[in-house]
Each structure stands twice: as C-alpha cells, then as structure tokens.
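Below: one structure, written as structure tokens.
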There are 2 protein chains.
Amino acid sequence: MARPRTPLLSRDRIVMAALELVDAEGLEALSTRRLAAGLSVSGPSLYNHFATKDELLDAVVDSVMGEVDLGMFGPEGGADWRGALRDWARSYRAALSAHPNIVPVLAQGPGRRPNALRLADAVFGFLVDAGWPRGQATRIGALMRYFITGSALASFAAGFPEDAQLYAAEYPHLGEAHLLAEHRRAIDDGAFETGLEALLDGLALRFPAPESRG
Amino acid sequence: MARPRTPLLSRDRIVMAALELVDAEGLEALSTRRLAAGLSVSGPSLYNHFATKDELLDAVVDSVMGEVDLGMFGPEGGADWRGALRDWARSYRAALSAHPNIVPVLAQGPGRRPNALRLADAVFGFLVDAGWPRGQATRIGALMRYFITGSALASFAAGFPEDAQLYAAEYPHLGEAHLLAEHRRAIDDGAFETGLEALLDGLALRFPAPESRG
DNA sequence: GTCTATAGCTAGATAGAC
DNA sequence: GTCTATCTAGCTATAGAC
C-alpha cells in the first residue's frame, strides 16, 4: 500500500487501542503485531508514530493518569483538605480500577510522564497550602498513593478462587471467601471506603496546630 | 551427562535461584534458560521438578509469602488487636519490600498458594476473635493488604528520576523530589509508618462497643 | 535426573518499495 | 505513512539418549 491521503493512524488512536488490548487481555498481550492487527494495519506501521514499544507503553500509562481529576486542588477547591483528599482518592482509584492490568507499570512511579508528575505536584502543593508541613505533605502523598494503587491492584474481587472445597478443610476462617463476583466487588468498595475514612480520621489527629506549622 | 548419583537440583534450590534472579533483574528475566544457567544445568532439567513455568512461579511467589510472620495471631498473641496488626503489617511489608519485582504477581490475590491462603485465614480469624464483626474483619484484612502491597510496589524511592532540571520549570512543588536514594528510602519508611498509625487510629474509632458485637 | 537436539512460536525492530 | 520481507533473538516445552 502506498502513502494514504490521510494518515490511518495517530498517536491517540494507537494509545486507545493499546489500552483496550491491555484491559481485555493483559500486559503480555500488548505486542506490536497484535496491536497493529486491532488497528487493521501492519506491525511496523506503528514505528512511524512511536520510536519504541517503551515509548508507546509510557503514553498508554500516562493516558490513564490523565483520567484522574485534580480540579479539587485548584484555587476554587476550598481549604477543606479532608474533602479534597477524599474526592481525589476516589477519582484516582476509579481511574486505576478501570485498567487494573496496567497498574503494575504505573505504580512503579511517575518516571518522566507528564500527567503522573502533574498529579504528584498538585497534591503536594495543595497539602502545603492547606497547612501541612512539607515533610508531612510528602509522606501523605506517598501513603495515599500506596493505598490507592494497592486498592486497584490487590483487589479482593480478583484474588480468591471460587472453589468452596479449597477452603473447607484447610482454612477454617475463609469459608465465605468463595463469593459471587458481585459480592467480592462490594467488599472491595467497602474496604476502600473504610480504609479511606480511617486514614483521613487518623491524619486529622496529626494535623498541626496553627502555631506549629512550617 | 548421565543421571547423577545425587540430584543436582531440588525444588527449593530452584525456587531460591529464581527469586534471586527476579530480585536482581526483574520478572521478565526469569526464563527457564537463564534460571538453569544460574544453577549450572541445562534448561529442560527444570522440568523434572516443575511441570510448567507457571507452577515454578507460583512456588516462588508463595516462598515470599512464607516469610511473613503470623505468630502474633496465635493463642499467645494476646488480645491487643492494634499491636498485633501493627507487627504483622511491618513483617508483611518487610517481606514484600525485599522482593519488589514479584509484588505485581503476588498482589493479584492468593490463588491456590498455601502460604497466601494461610495468611488470609489467620488475619481474618484473629480479627473476629478480637471482637470485630465478620464483615468489618473482611474489610480490614483487604484494606491492610491494599496499603501494604501498595507500599512495596509504589515505593517513593523507585519512582522519581534523579534529574533536578526536570522539575524546576514544570512542576514547581516537586523541587525536592530528586533526592538521594537514601533520602527517598527514609520517605518510604516515614510514609508507611505514618499511614499505618493513622489507619490503626482510624480503625480504633470504629471498633464496636462490646454489646453490639456479632 | 540430567543431557543434547530441536520443534514451534513470538517478539521488537529495520530496509527499502511505493 | 504504510506496506512486504526479513533479521535476530528470545521463549516454553518435548523427545529420546544415557
């Protein structure tokens, strides 16, 4: 095929198709050949848009981070750090839980990905403005990230085999672990909300009195 | 080479070598050839001890879970659920942080791995015995797992490029993110401990009064 | 229980035609 | 900017000798 009048591909189309492929079949399924087939082009065509597969993967990962709402950290967000942190955590978890197969890559840190760095910058700046000392703000940003990425990755829903016999004999307390998938999803939601509120309550106990802020 | 008098390999030796390889070079580096080379045997020899590579990987993952201390949940553990949960969380994190490259596999859930199931069983049984309602105990087990696996995987220390210039212009609040590796490790420790204590404080607020337990 | 040999696949990436 | 053809390299797993 000769050069088409209008390009068949674009970075955005490729990234969207790649994310769909990873969501549907996992990270290992993301090969240049399979991705190209889904886009009805040949494998090497992708190299006109991304220099390497790593560059493509970076773009896919950062597109997920771009789904996280950061609006609550803006000037009109108000001074309620608990409320803002809660809203942000929910949006962050929603974005990651929609694409669990890519979370292991994303969790390794922001690298040089713009959306990931923008997120880290926004939450740190917000916490400092809200009155948290810089050291505490760094720790809170990190520990919230632990909890949220863990929620998306270590989902209760995905992890227990649906095999009652497995539990009966050997693991006496796990008799209810082989639940319907919907049940398990409800457990994940409940665990996330319980943990989030507990964390916010625990952090509020540590919020410094005005005179000791720095 | 003919059949050796005493076996050159054993499941344990293979698992240990596999874990070292994954720790040193990542999950992708774990191939039958590379693993066999490290053990000074040929690739196919491994199939005398494991039927498939997946079976081997399962054993490697569960060996890490076996490093987690569960003694605080035993009969002589006492009724102090906060203290037991704190000790367990630290031991769990230590085991996972020693082998971060395998955390994405391990985080997906216990599957049918004995040590992982034993851990889930122990923490749930302990919390119920300590007075938590069964639904809350399930959620607490899950949310602790979120936080701990997240701590091991989403380590602050690993994620930020050491490139001051990257931050200066675009991300005004991240000026201190390009710290020495030791600094970043200290941030991880501080974030974990802060989050753990905040979680325990927040959960304590939710501990049911004796008459309402069930 | 280890070996050699190899089947059968899939991967990322490049060269050069159009 | 997409194509076909191809290179080089890696992988899991099996067959059969010893």
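Chain A is the first sequence line, chain B the second, and so forth, proteins listed ahead of strands; every chain is numbered from 1.
- When base pairs are accepted only as Watson-Crick or G-U wobble with both N-N or N-O distances under 3.5 Å, DNA chain D takes part in stems of 3 or more pairs at C:1-18 with D:1-18.
- Here the P atom of nucleotide C/dT10 and the CG atom of A/Leu21 are 15 Å apart, to the nearest Å.
- Applying the salt bridge (charged side-chain N to carboxylate O under 4.0 Å, His left out) rule to A/Glu176 yields the partners B/Arg134; only residues at least two apart in sequence or on another chain are considered.
- Following rounding to the nearest Å, A/Leu39 (CG) and D/dG1 (P) show an atom-to-atom distance of 16 Å.
- Going from atom CG of B/Leu9 over to atom C1' of C/dG1 covers 8 Å, rounded to whole Å.
- Annotation: A/Tyr146 is not in aromatic contact with B/Tyr146 [ring centroid separation under 6.0 Å not met].
- In this structure, CG in A/Leu35 is found 9.0 Å from CZ in A/Phe50, a value given to the nearest 0.5 Å.
- Qualifying salt bridge (charged side-chain N to carboxylate O under 4.0 Å, His left out) partners for A/Arg118, counting only residues two or more places apart in sequence or in other chains: none.
- Using the six-membered ring where Trp is involved, B/Trp81 and B/Trp132 have ring planes that are perpendicular, over 60° apart on the 30 and 60° scheme.
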The contact string for nucleotides 7-12 of chain D, one letter per nucleotide 5' to 3', using protein heavy atoms under 4.0 Å with B, S and - for base, sugar-phosphate only and none, comes out as ----BB

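- Summarising the geometry, the separation between CG on B/Leu56 and C1' on D/dA13 is reported as 14 Å, rounded to the nearest angstrom.
- In this structure, B/Asn48 places its CG atom 12 Å from C1' of D/dT14, rounding to the nearest Å.
- Taking A/Ala169 as the reference, nothing meets the side-chain contact (heavy atoms from CB on, under 4.5 Å) condition, with sequence neighbours excluded.
- Ring geometry for B/Tyr167 versus B/Tyr171: interplanar angle over 60°, hence perpendicular rather than tilted (30 to 60°).
- With C/dT2, D/dG1, D/dC3 as the candidates, the nucleotide lying closest to the side chain of B/Pro4 is C/dT2.
- For B/Ser45 and C/dC3, the shortest distance from a side-chain N or O to OP1 or OP2 is below 4.0 Å.
- The distance from atom CZ of A/Arg5 to atom P of D/dT2 is 15 Å, rounded to the nearest whole Å.
- Annotation: side-chain contact (heavy atoms from CB on, under 4.5 Å) contacts of A/Asp69 (sequence neighbours excluded): A/Met72, A/Ser91.
- Put simply, NE2 on B/His49 is 15 Å from P on D/dA13, counting in whole angstrom units.
- Counting only heavy atoms from C-beta outward, the side chains of A/Leu196 and A/Ile148 never approach each other to under 4.5 Å.
- Atom CG in A/Leu35 sits roughly 13 Å away from atom P in D/dT2 (whole-Å rounding).
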